[in-house]
Amino acid sequence: MRNELTKHTFGACMIVLLLSFGLMLYVLNSYLVKRNFSELKDKALYVSEILNVEGEDVLSRVHHGGDMRITVVAPDGSVLYDSHVAPDTMENHLEREEIQQALSKGEGSSQHYSQSMFQNTANYAVRLQNGDILRVSIRQDTLWHLLRNLALPMLLFLLLAALVSIILAARASRRIVDPIDRMDVENPDDRDVYDELKPFVHRLITQNQQIHRQMEAIQAEHRKQDSLRREFTANVSHELKTPLTSISGFAEIIRDGMVKDEDIPHFADNIYKEAARLMELVNDILKLSHLEDINDRPDRERTSVELNALCREVTSRLAISAEKNGISIRCDGESVNVTGVRPMLEEIIYNVCDNAIKYNRKGGWVHISTHKQDGKAVVCVRDNGIGIPQADCGRVFERFYRVNKSHSKEVGGTGLGLSIVKHGMAFHAGQIKLQSVLGEGTEISLLLPAEE
Ligand code: ADP
């Protein structure tokens, strides 16, 4: 910017300078020409006075050899006298402009460029009392002559002026740019900037504030995520440690021969159950971390999935477990399509239905239904199981959150099922609604954007 300003200011200076120079020369030249002419006229009038009084003979008596040329022309145009050339060698002057004017008006003038463009001849003619015409001529320098003579000093002057202009232009542009350069972009202050820059500075201030707020929000989010991650790691370690401690405890007392032979199958069964639990935990943790990964890659391939058929599949997968727990399970409703990742949707529905069986009572029921409502596909899973206390309803989607730890463990829960549901629904831009009455039952509705 500084260089641009310098360049333009310097350019403007040079243009103004050259124009002034041209104008000055023109004015000077006009002045000189005018002055020469009036001098010439004075001289002509003076000589004509002398000739009128003394007669033309006086001319032949004086020797005249200066710059000024005197010619006397008869009214028929023939040259009677010339101070520089023999009159009989000269052509008839009747057609000359100044002679014509003098013959008709008493006086006349003309200018001729003679020999070169650097000089011209100014003529002034006056009619004498005897009818002859007196012509006085003088050579004068033209503008070009002036230019040629002045070329060197002018060039030097121009160079000097250019030098001064460039220094001044650089200084001026520095003075203009310096306040902009000094501006602190991080903390702009609208008091020491140009008025024209104030809107820009205001915008900068608002944007800085916006960035600041966003940065703070991002940092807060990072802090929250960090603490969640730490909490999750601590929870995972704790959850993994519990079955591992049991397994190593059981194995240790068997190794040390502290278990009677007939009790060994029982202990082995315990080890088996704890190992199965470990497997389930690891599986759920992997599922969750996988879900977090694909949340960062929302371009994962989606297909059209019919939810009623999917619910029926899940129902049949859970039929044995329902029967084992003495619970009746039923699925109905209308067919409704969504666009999504089928295995993920299946996992979501499975987890919710599995909970409805796990947290139920003997002789209870689970009812799964699908329908379409306000452009949403709704999967509704109801049970008349143990229900969730009001205070816990908001927390059951947290990782490892269990209302009743021992009951959850008994039924093989990891505390991660509803977390997986929550992440999966977020991935599908869905919503979860939970209603539960302790001791009466629970209803979980999954709402997903339906296909047209
Ligand atoms: P878990 O693996 O322990 O089942 P979830 O994340 O699936 O973990 O569920 C969290 C907790 O929410 C469960 O431990 C349970 O206490 C409660 N819960 C979930 N579904 C139901 C339901 N249908 N009826 C009663 N309680 C439920």
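When a residue number appears, it is its place in the shown sequence, counting from 1. The structure displayed is predicted, hence computed values, not measured ones. Whatever order the structure lists them in is the order used to number ligands and atoms, beginning at 1.
If you check which protein heavy atom lies closest to atom 7 (O) of ligand 1, you get Asn355 ND2, 2.8 Å. Looking at atom 11 (C) of ligand 1, its nearest protein heavy atom turns out to be Tyr401 O, 3.6 Å. Atom 23 (N) of ligand 1 has Asp383 OD2, 3.1 Å as its closest protein atom, hydrogens excluded (heavy atom only). In terms of protein heavy atoms, atom 3 (O) of ligand 1 is closest to Ser408 OG, 2.6 Å. At the shortest separation from atom 8 (O) of ligand 1 among protein heavy atoms lies Gly415 CA, 3.1 Å. Closest to atom 12 (O) of ligand 1, if we only count protein heavy atoms, is Val396 CG1, 3.2 Å. Of the protein's non-hydrogen atoms, the one nearest atom 15 (C) of ligand 1 is Tyr359 CZ, 3.5 Å. Considering only non-hydrogen protein atoms, atom 26 (N) of ligand 1 sits nearest to Ile388 CG1, 3.2 Å.
Heavy-atom proximity to Lys358, at under 4.0 Å, picks out these atoms of ligand 1: 2 (O), 4 (O). Of all atoms in ligand 1, listed by their number and element, those nearer than 4.0 Å to a heavy atom of Val403 are 14 (O), 16 (O). Atom numbering of ligand 1 starts at 1 in the shown order; those under 4.0 Å from a heavy atom of Thr414 are 1 (P), 2 (O), 3 (O). Close approach of ligand 1 to Leu418 is summarised as follows: ligand atoms under 4.0 Å from at least one heavy atom of the residue are 5 (P), 6 (O), 7 (O), 9 (O), 19 (C).
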So Gln111 and Val33, side chain to side chain contact (heavy atoms under 4.5 Å, CB included) or not? Walk me through it.
CA-CA 11 Å; Gln111 273 196 69; Val33 166; 4.2 Å; yes
Can His367 and Asn384 be said to form a side-chain hydrogen bond (donor to acceptor under 3.5 Å, both in side chains), step by step?
CA-CA 9 Å; His367 183 193; Asn384 66 341; over 6 Å; no
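Remark: the Gln101 side chain and the Ser109 side chain contain no N/O donor-acceptor pair separated by less than 3.5 Å.
For Gly413, no nitrogen or oxygen atom sits less than 3.5 Å from a nitrogen or oxygen atom of ligand 1, counting backbone and side chain alike. Residue Arg402 has no N or O atom closer than 3.5 Å to an N or O atom of ligand 1.
Taking the six-membered ring where the residue is Trp, Phe267 and Phe250 present perpendicular rings, their angle passing 60° and hence far from 30°.
Residue Ala377 comes nearest to Val336 through the heavy atom pair CB-CG2, 3.5 Å, listed as atom of the first residue, atom of the second, then distance.
We find that Lys287 and Asp284 are joined by a salt bridge, their nearest charged nitrogen and carboxylate oxygen being less than 4.0 Å apart. Look at Lys198 and Asp195 and you find a salt bridge, because one of the NZ, NE, NH1 or NH2 atoms lies within 4.0 Å of a carboxylate O, short of that distance.
In this structure a side-chain-to-backbone donor-acceptor pair under 3.5 Å is missing from Asn325 to Ile327.
Each of Gln100, Glu98, Arg96, Glu97 was compared with Ser110 under the side-chain hydrogen bond (donor to acceptor under 3.5 Å, both in side chains) criterion, and only Glu98 meets it.
Put simply, no part of Gly385 is less than 4.0 Å from ligand 1, judged by heavy atoms.
Here the CZ atom belonging to Arg402 is positioned 7.0 Å from the OG1 atom belonging to Thr414, to the nearest 0.5 angstrom.
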